[in-house]
Amino acid sequence: MLRAGFIKRLSSGVYTWMPLGLKILRKVEKVVREEMNRIGALEMLMPSVQPSELWQESGRWEFYGKELLRIKDRHERDFCYGPTHEEVVVDAVRRDIKSYKQLPLSVFQIQTKFRDEVRPRFGVMRSREFIMKDAYSFHDSYESLAKTYDDMYGAYCKIFTRLGLKFRPVAADTGSIGGTGSHEFQVLADSGEDIIAYSDESSYAANIELAESKPEKVSRDIAKMSLTKVATPNEKTCFEVAQMLNIDLKHTVKSLVFESVDGSPVLLLIRGDHELNEIKAGKLKELKQPLSFSKLEDIQASFNCSPGFIGPVGFNGVIIADRDVNLMSDFICGANQDGYHLTGVNFGKDCKEPDLVMDLRNVVEGDYTPDGNSQIKLCRGIEVGHVFQLRTKYSIPMNLSYLDQNGKSQFMEMGCYGIGVTRIIGASIEQNNDEKGIVFPVAMAPFEVVLIPVNLAKSELVKNSIERLYSTLLADNIDVLLDDRNERIGSLLADSELLGIPYRIVVGEKSLAENKVEFYNRKTGETQLIDINQISELVKNQISNEKK
RNA sequence: CGGGGCGUAGCGCAGUCUGGUUAGCGCACUUGAUUUGGGAUCAAGGGGUCGUGAGUUCGAAUCCCACCGCCCCGACCA
């Protein structure tokens, strides 16, 4: 994008949108706006600078953390640059909407947000300042919310389809926005930062943060082995221990120590070949939030050994086991003594039963979907949209209420729905490019057609023909660019390909001799000679075909 | 927050280790000429607080210290 001159970096994670980039941005906005209008959402515009009082009300002034850019005005009053607008929209709506007769209501805006990311990267994909379409809906019942949620879901599918993206809606965690139900719209791309668990055989799809699998077994096998201590002087990880003992990683258990609310250590047990899912662990009320691993000294103090040799045997604190670990028998774990591990360990016999058993791990490829009918595959994705059922998460603390038919005050049900407008552009380029540059779909391209003259300066014929053609195309409402820069033909052609303009018309004396021009399709790479009088019609048809 | 790297012309870099005349190179830019169906060639020219500040020195882009900015990796999975 930088190379094509769409954006310029001003500061870490902050970009200027140059004229061509802005044209793309506006096209994306147009599609989003049209689909929002179609489902009856009303456009509004909220301020980007927001007073801290509202955020105190919702409780997010403390909760949101460092991503919230906080600023002070000249009177030393606290403000923030809006990372999202639940607080503001609730405030606007609660002043106006008093009766069930005014519900449901959906509003949206397309506006700049700021999130002070720890580490912005991938240009516009994870920037600190970005443009987002955020919509909010208000209801007098869950049924009404569910209906709007479905409408939004449908509108999102339409938007991403119209923009030519290969995407997948997936079940998702609600993160810092909060609420009950939620789907993400993920654009499939290897460079994506999210991992999606999905199945080819069923409609199952979920973000790995949330994805659950069906446990492999239903009950624990009978213990056959007895507890044995083995020396593992240099083997700290499960992988190293398994390798040394020449056994499957599946028979090892790794022990992770976390701080609990009162500061005492809590032991989490995960099978050696699995990974802890921090989102799932983060929901454990036994653990201190945000999640923090115990410090080295604390581990030394409570286990009398260094990390790498920890295990549940002899530990009296809280033990939380992953479902799969709970069903293991004769497993291998640390001996709580430096340089030793234990084999043939069994719950109930060698150590106490876990205090709590739950799903704590990331799903892996080959796991079964929760219904057990199909196998899970993993792929990477870029989150471009997210819809939430907020329910009363904000209405209650911020006292957003209406009078129902009986004149009684009730809290509103809320939904919120976001699309990363700027991120969509990055994601699209990620998905549609080749060695020559970008291949934009018509709906997003900065121009639909580019006109390139051969030897404009020298040839009156070319000059007259191309200018006439340019006017014709404009008159036909085609978004056309006449590239009349005094560059060599090679640069003009190469640039048009780099920019990803879907169609190109080359006008030169050679073909004009037969009254024809060259028509080139960026996506297919096909070139054909077309009569100059028919070209406008052809372009119009091509464009409306692609837009469908 | 931890680790690493970078900061020299509009952009990309060399020079820094080993201090020493006038700080170079490529691209871009300006002027002129020749060129013009796939990123031209020749000639002439302009452009620098060497990130900032303080220090060592006869002398600092170069050595020392502090600060600022940016990029990359990591942030505890034992």
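Every chain is numbered from 1, with letters handed out A, B, ... down the list of sequences. Atoms considered below: every heavy atom in the structure, side chains included; atoms not considered: hydrogens, waters and symmetry mates.
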Lys/Arg-Asp/Glu bridge criterion (N-O < 4.0 Å) met for A/Arg220, A/Glu353
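Salt bridge flag = yes for A/Glu353 with A/Arg220.
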Ion pair present between A/Asp483 and A/Arg485, side-chain N to carboxylate O less than 4.0 angstrom?
yes
Under 4.0 Å protein heavy-atom contacts per nucleotide of nucleotides 34-41 of chain B, with B for base, S for backbone only and - for none:
-BBBBBB-
For the student: nearest non-hydrogen atoms of A/Gln542 and A/Asn521, plus distance
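Where A/Gln542 meets A/Asn521 most closely, the heavy atoms are OE1-ND2, 4.4 Å.
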Kindly assign one of parallel, tilted or perpendicular to the pair A/Tyr81 and A/Phe114, based on the angle between their ring planes and the thresholds 30° and 60°.
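If you compare the ring of A/Tyr81 with that of A/Phe114, the planes turn out perpendicular.
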To the nearest angstrom, how far is [X] atom [atom1] from [N] atom [atom2]?
| X | N | atom1 | atom2 | value |
| --- | --- | --- | --- | --- |
| A/Ile332 | B/A78 | CD1 | P | 15 Å |
| A/Glu67 | B/C1 | CD | C1' | 15 Å |
| A/Leu269 | B/C77 | CG | P | 16 Å |
| A/Leu267 | B/C76 | CG | P | 17 Å |
| A/Asp116 | B/C1 | CG | P | 12 Å |

Listed pairs, N/O of protein and of nucleotides 68-73 of chain B, under 3.5 Å:
| residue | atom | partner | partner atom | Å |
| --- | --- | --- | --- | --- |
| B/C70 | O3' | A/Arg9 | NH1 | 3.2 |
| B/C71 | OP2 | A/Ser12 | OG | 3.3 |
| B/C73 | OP2 | A/Arg119 | NH1 | 2.4 |
| B/C73 | OP2 | A/Arg119 | NH2 | 3.2 |

State whether the number of non-hydrogen atoms from other residues, nucleotides or ligands found under 6.0 Å of A/Lys352 atom NZ is greater than 12.
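Buried by this count: over 12 neighbours within 6.0 Å.
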Should we count NZ of A/Lys523 as having more than 12 external heavy atoms under 6.0 Å?
no
Do A/Asn277 and A/Glu209 have side-chain N/O donor and acceptor atoms under 3.5 Å apart?
no
Side-chain donor-acceptor pair present, A/Asp476, A/Ser536, cut-off under 3.5 Å:
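Looking only at side-chain atoms, A/Ser536 and A/Asp476 do form a donor-acceptor pair, the distance falling under 3.5 Å.
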Strand contacts (RNA chain B) in residues 352-363 of chain A, 4.0 angstrom heavy-atom criterion:
none
So A/Asn455 and A/Val462, do their side chains get closer than 4.5 Å, heavy atoms only?
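No, side chains not in contact.
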Partner of A/Ile438 under side chain to side chain contact (heavy atoms under 4.5 Å, CB included), chosen from A/Leu499, A/Ile429, A/Asn432, A/Ile501
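Answer after filtering A/Leu499, A/Ile429, A/Asn432, A/Ile501: A/Ile429.
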